Amino acid sequence: MSHKLVYFDNNATTAVAPEVLEAMLPYLKEEYGNPSSMYSFAGNAQHAVQKARKQVAALLGATPDEIIFTACGTESDSTAIYSALEAQPSKRHFITTRVEHPAVLAVGQHLETKGCRVTFLGVDGKGRLDIHELEDALSADTALVSIIFANNETGNINPLDKIAALCKKRGVLLHTDAVQAIGKLPVNLAELPVDYLSLSGHKLHAPKGIGALYVRRGTPFRPFLRGGHQEHGRRSGTEAVPSIVALGKACELAAGHIEEENVRVRALRDRLESRIIGLIPDSIINGNPEYRLPGTTNVAFKYIEGEAILLMLNQYNICASSGSACTSGNLEPSHVLRAMGVPFTFAHGSIRLSLGRYNTEEEVDYAVEKLVNIVRRLREISPYRASADEKNAGCDGSCGCCN
Ligand SMILES: *Cc1c(COP(=O)(O)O)cnc(C)c1O
């Protein structure tokens with residue numbers, strides 16, 4: 001590789017923060033006790049878990065007893081959704097959106113095969129939900145609404161305050177997949193009446209394999225994993241002490257970084273984006289530029305393949321993605337961009353660049369320089385472009401295929 005790593009894929013995963021590694025190391029080495037054991041040696045592990053629970057709760061504006069540690073964001077999502085349905089057996093309707101992460105989307109699709117009615121709300125061209133559509137979809141049979149807080153592919157932020165107020169007024173439980181939001185946006189659950197919230201450690205500089213589910217006090221809950229008494233019987237399995245300590249530390253760090261990063265990372269993203277749009281013709285931003293995560297941009301380049309761009313960026317050791325990691329290798333354009341109605345000639349040429357805590361201006365300028373050349377080279381050999389030019393030659397635009 002010709003250059004040191006430029007990591008612009010922070011929505012896929014993040015580097016473990018050095019402070020986080022430092023905090024968890026003792027629990028991988030000498031403090032290996034099982035928190036459930038009676039002797040005082042295990043007491044250190046027990047206290048470490050308690051401290052981490054407080055740190056996570058503090059970032060969310062929650063109380064420690066409302067935090068359940070899980071193995072990942074995916075487990076938190078599944079736990080919340082199946083819990084709400086199991087706790088209300090007479091209600092068989094689930095409402096979600098077409099732009100969820102697969103960890104929610106696939107559960108919705110699975111529930112349909114189990115006799116539930118599932119409503120997948122659509123979005124407009126900027127990825128925005130219509131709150132009136134949600135209101136119309138609510139019924140006496142609705143067990144749960146699950147809406148992503150901030151989209152992993154476009155960074156779009158949903159108006160959770162309005163959604164939560166509506167669900168509360170109608171007495172319907174609300175879950176949000178906040179995996180991309182926590183650590184990047186200030187979230188205060190003391191003032192935001194959601195019932196369940198999922199987060200994941202590896203999206204905020206803790207290691208992979210640790211997540212948490214917030215369950216508001218008094219909300220119906222049924223465990224997803226049964227067995228021991230851990231997490232007050234709400235999630236069995238011996239506590240992953242080192243990872244839990246890491247998540248706690250990562251949340252404490254995020255609380256301290258959130259304001260500064262919202263300014264600095266946003267400025268980096270805006271620099272990246274404005275240079276791309278300024279220097280590369282026929283490039284557009286997918287999503288809603290006004291209301292997005294500070295580090296995320298999803299850019300579409302007309303006539304070329306996002307996958308080809310990513311392969312060429314990789315030759316310069318630049319990491320980006322074409323959306324959800326779960327769909328890469330699949331030539332269908334992302335389900336999120338399809339739901340937004342992004343035209344075919346743009347959707348295929350879309351890439352996501354997600355910046356974070358450790359990125360620099362130098363990296364942004366390096367990536368822009370390479371991207372300009374890559375797009376130029378790919379367009380020179382693009383078959384789409386040739387066929388679009390042919391169509392355009394005798395086309396009045398009414399066919400819809402030339403836009
Ligand atoms: C990454 C991600 C998940 C899954 O989290 P894991 O910890 O990897 O299981 C769920 N939802 C969103 C929005 C994500 O970005």
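These values consider heavy atoms only, across backbone and side chains, with no hydrogens, waters or symmetry-generated copies. Worth saying up front: this structure is predicted, and the values here are computed from it rather than measured. We count ligands from 1, going down the list as the structure has it; atoms in each ligand are counted the same way.
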Residue contacts for ligand 1, heavy atom to ligand atom, distance under 4.0 Å: C72, G73, T74, D77, H101, I148, N152, D177, V179, Q180, S200, H202, K203

Residue among T176, V56, L59 satisfying side-chain contact (heavy atoms from CB on, under 4.5 Å) with L199: V56

Test applied, side-chain contact (heavy atoms from CB on, under 4.5 Å); reference residue, F149; option that passes from I163, N158, D177, L185: L185

Plane angle bin for Y82 and F224 - parallel if under 30°, tilted between 30 and 60°, otherwise perpendicular: parallel

Test side-chain contact (heavy atoms from CB on, under 4.5 Å) applied to S146 and L174, V104, V107, T97, the passing residue: V104

Ring geometry between H3 and Y366 (parallel below 30°, tilted from 30 to 60°, perpendicular above 60°): parallel

E135 side chain reached by K169 side chain, heavy atoms, under 4.5 Å: yes

